[in-house]
Protein chains: 2
Amino acid sequence: MRRNAPKSVIKRLPVYLRILDNLIRRDVEIISSRILSEETGFTAEQIRKDLAFFGAFGTRGTGYNTSYLREKLLRIIGLDKQTNLIVVGAGHLGKALTRYNITKNPYVKVVGIFDNNPNELDAEIEGVKVRVMEELPAVVKEHDVKVAMITVPADVAQAVVSTLVDNGITAILNFAPTKLKAPDNVYVHNADLTIELQSLIYYSLEEEKHNLG
Amino acid sequence: MRRNAPKSVIKRLPVYLRILDNLIRRDVEIISSRILSEETGFTAEQIRKDLAFFGAFGTRGTGYNTSYLREKLLRIIGLDKQTNLIVVGAGHLGKALTRYNITKNPYVKVVGIFDNNPNELDAEIEGVKVRVMEELPAVVKEHDVKVAMITVPADVAQAVVSTLVDNGITAILNFAPTKLKAPDNVYVHNADLTIELQSLIYYSLEEEKHNLG
DNA sequence: CATTGTGAACGGATTCACAGCC
DNA sequence: GGCTGTGAATCCGTTCACAATG
């Protein structure tokens, strides 16, 4: 196996994939790093370096075959086979995320939604029933789930993480506004909307200053 | 005015702010960078550098006064005065985000939600009525809105951006899975959940490999 | 003497410049 | 000739080490 891929590279791969999907839909068969650069906003060199990190996928003088590159990227990201995931927290955000990724992503399937609030129980979201936390281990086992999204309140998020880790989850997308502790062999990514929004406010004021000055 | 703050620093400020809020709630008056480091997972040096970028807020030998530092951070981020924002796209995600930030964030207020889907119109989310796009300019003007969140489908997102820019919006949080073009004096931040989820899948497989090997 | 604030060293990611190849 | 692939140079953020100071 090669050395670990930089995080920055991994975050760009899904962008390439999406653009390739669009290109293929429009029957474009070959694409250059320069055009990809225009579509993504990343530099052409950066795109070539990103792709070259995983292998030589292009043809010098010509460009990249869109279908071939797409296959490679699907493989690299792990989207060449079905990924099952669970959502913990069936509030508004949890429901929206469930609908979002079921409808937008053919490679990824939500196989369980969990919440201990009795108001949410037995609701069905896109055909997936909301279950109590006690049923989590069985669902995770049955569908060999490794990936979870957390949309519970901050004060219970850490307890949820422990449960997830105990049940063999290896990657967690955390929407709860709190720092989570997890073992080294579990990858936690924070997608904290409060932080995004507050940074945005900072930049809105920067722009305003700049536009005035 | 000082040089531009690195993006990485700006993304950490809201984290500090949240922890300070917690500390103040627990009547903690002084905090060291070492303790902040434990709470955030960032290194103590990094925290000191981040804060020092904006000024000398601490006391050598003692630490940082929590209330004082909180005030400073609120000021720096721009949360010392009310920020009004609008949400474009009243689908599940748009509604969830509206509820999320209204309930979680006292400094920030959603003053308008817009959608041209007649099914969504006249619905009320946390007391805010869903309006047609035609009403956007009036609402933006009335509440001096500079910040917008976009949760419309990818194929209409660029048109929405144009409308927003024309109406004086200077910062956009984009949840639509597409790259948006905007003038230099408008800050666009992509919060693309597809990308987050796909990167997560990559890491879940990395962890799995690592745990096996 | 504990802790901040900071110049210097380091490291990782991006950009440059060009060699390699169709 | 045109575009990929890549070593070298550069840039930028983090870490280190320590001087400054209440």
Side-chain angles (χ1 to χ4, degrees), chain A residues 2-16 19-20 23 28-73 76 195 199 202-203 206, chain B residues 2-16 19-20 23 28-73 76 195 199 202-203 206:
Chain A
R2 94 196 65 240
R3 70 195 183 285
N4 272 359
K7 282 191 185 188
S8 44
V9 174
I10 300 305
K11 291 237 334 197
R12 286 191 291 267
L13 299 184
V15 179
Y16 304 143
I19 288 170
L20 289 170
L23 290 169
V28 178
E29 289 181 5
I30 300 289
I31 192 78
S32 70
S33 60
R34 194 174 53 78
I35 305 289
L36 280 174
S37 169
E38 287 168 19
E39 299 280 330
T40 58
F42 311 141
T43 67
E45 301 88 323
Q46 189 169 50
I47 293 168
R48 293 203 299 275
K49 265 244 155 76
D50 286 354
L51 300 176
F53 182 89
F54 296 98
F57 301 144
T59 308
R60 291 172 197 229
T62 310
Y64 299 90
N65 178 295
T66 51
S67 302
Y68 179 73
L69 184 55
R70 177 174 177 276
E71 290 306 315
K72 288 294 183 186
L73 286 176
I76 292 163
I195 290 173
S199 322
Y202 173 87
Y203 286 109
E206 285 297 296
Chain B
R2 93 195 66 241
R3 70 195 183 284
N4 273 359
K7 282 190 184 188
S8 46
V9 174
I10 300 306
K11 291 236 334 195
R12 286 190 291 267
L13 299 184
V15 179
Y16 304 143
I19 288 170
L20 289 171
L23 290 169
V28 178
E29 289 180 7
I30 301 289
I31 193 78
S32 69
S33 59
R34 194 174 51 77
I35 306 288
L36 279 174
S37 168
E38 287 167 18
E39 297 279 330
T40 58
F42 312 140
T43 66
E45 301 89 322
Q46 188 168 53
I47 293 168
R48 293 202 300 275
K49 265 243 156 78
D50 285 355
L51 300 177
F53 182 90
F54 297 98
F57 301 143
T59 308
R60 293 174 196 227
T62 309
Y64 300 90
N65 178 295
T66 51
S67 301
Y68 178 73
L69 184 55
R70 175 174 178 276
E71 290 306 314
K72 288 294 183 185
L73 287 176
I76 291 164
I195 290 173
S199 322
Y202 173 86
Y203 286 110
E206 285 297 296

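Here is the naming used below: chain letters follow the sequence lines, and residue numbers restart at 1 for every chain. A quick note: this is a predicted structure, and the numbers were derived from the prediction, not measured.
Mapping A/Arg12 and A/Arg48 onto DNA chain C by nearest heavy atom places A/Arg12 at the nucleotide closer to the 5' end. Nucleotides of DNA chain C nearest to B/Ser32 and A/Thr43 differ in position, and the one nearer the 5' end is that of B/Ser32.
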Show me the protein contacts with nucleotides 19-22 of chain C, counting only N or O atoms at under 3.5 Å.
residue	atom	partner	partner atom	Å
C/dG20	O4'	A/Arg60	NH1	3.3
C/dG20	N3	A/Arg60	NH1	3.0
C/dC22	O4'	A/Arg60	O	3.3

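The CD1 atom of A/Ile47 sits 15 Å away from the C1' atom of C/dA13 (whole-angstrom rounding). In this structure, B/Glu45 places its CD atom 6 Å from P of D/dC16, rounding to the nearest Å. Between the P atom of D/dC3 and the CG atom of A/Leu69 lies a distance of 16 Å, rounded to the nearest Å. Between A/Phe42 atom CZ and C/dA13 atom P there is a gap of 15 Å when expressed in whole angstrom units. At whole-Å resolution of the value, CG in B/Leu36 and C1' in C/dT3 are 12 Å apart. Rounded to whole Å, atom C1' of C/dA2 lies 10 Å from atom CZ of B/Arg34. Atom NZ in B/Lys7 sits roughly 14 Å away from atom P in D/dT14 (whole-Å rounding).
Classification of A/Glu38 and A/Arg34 as a salt-bridged pair holds, one side-chain N sitting under 4.0 Å from a carboxylate O.
Of the side-chain N and O atoms in B/Tyr64, one or more sit less than 4.0 angstrom from OP1 or OP2 of C/dG5.
No hydrogens or angles were tested; on distance alone, a donor-acceptor pair under 3.5 Å links the side chain of A/Lys49 to the base of C/dT15.
Judged by distance alone, the side chain of A/Ser37 and the main-chain N or O of A/Ser33 form no donor-acceptor pair under 3.5 Å.
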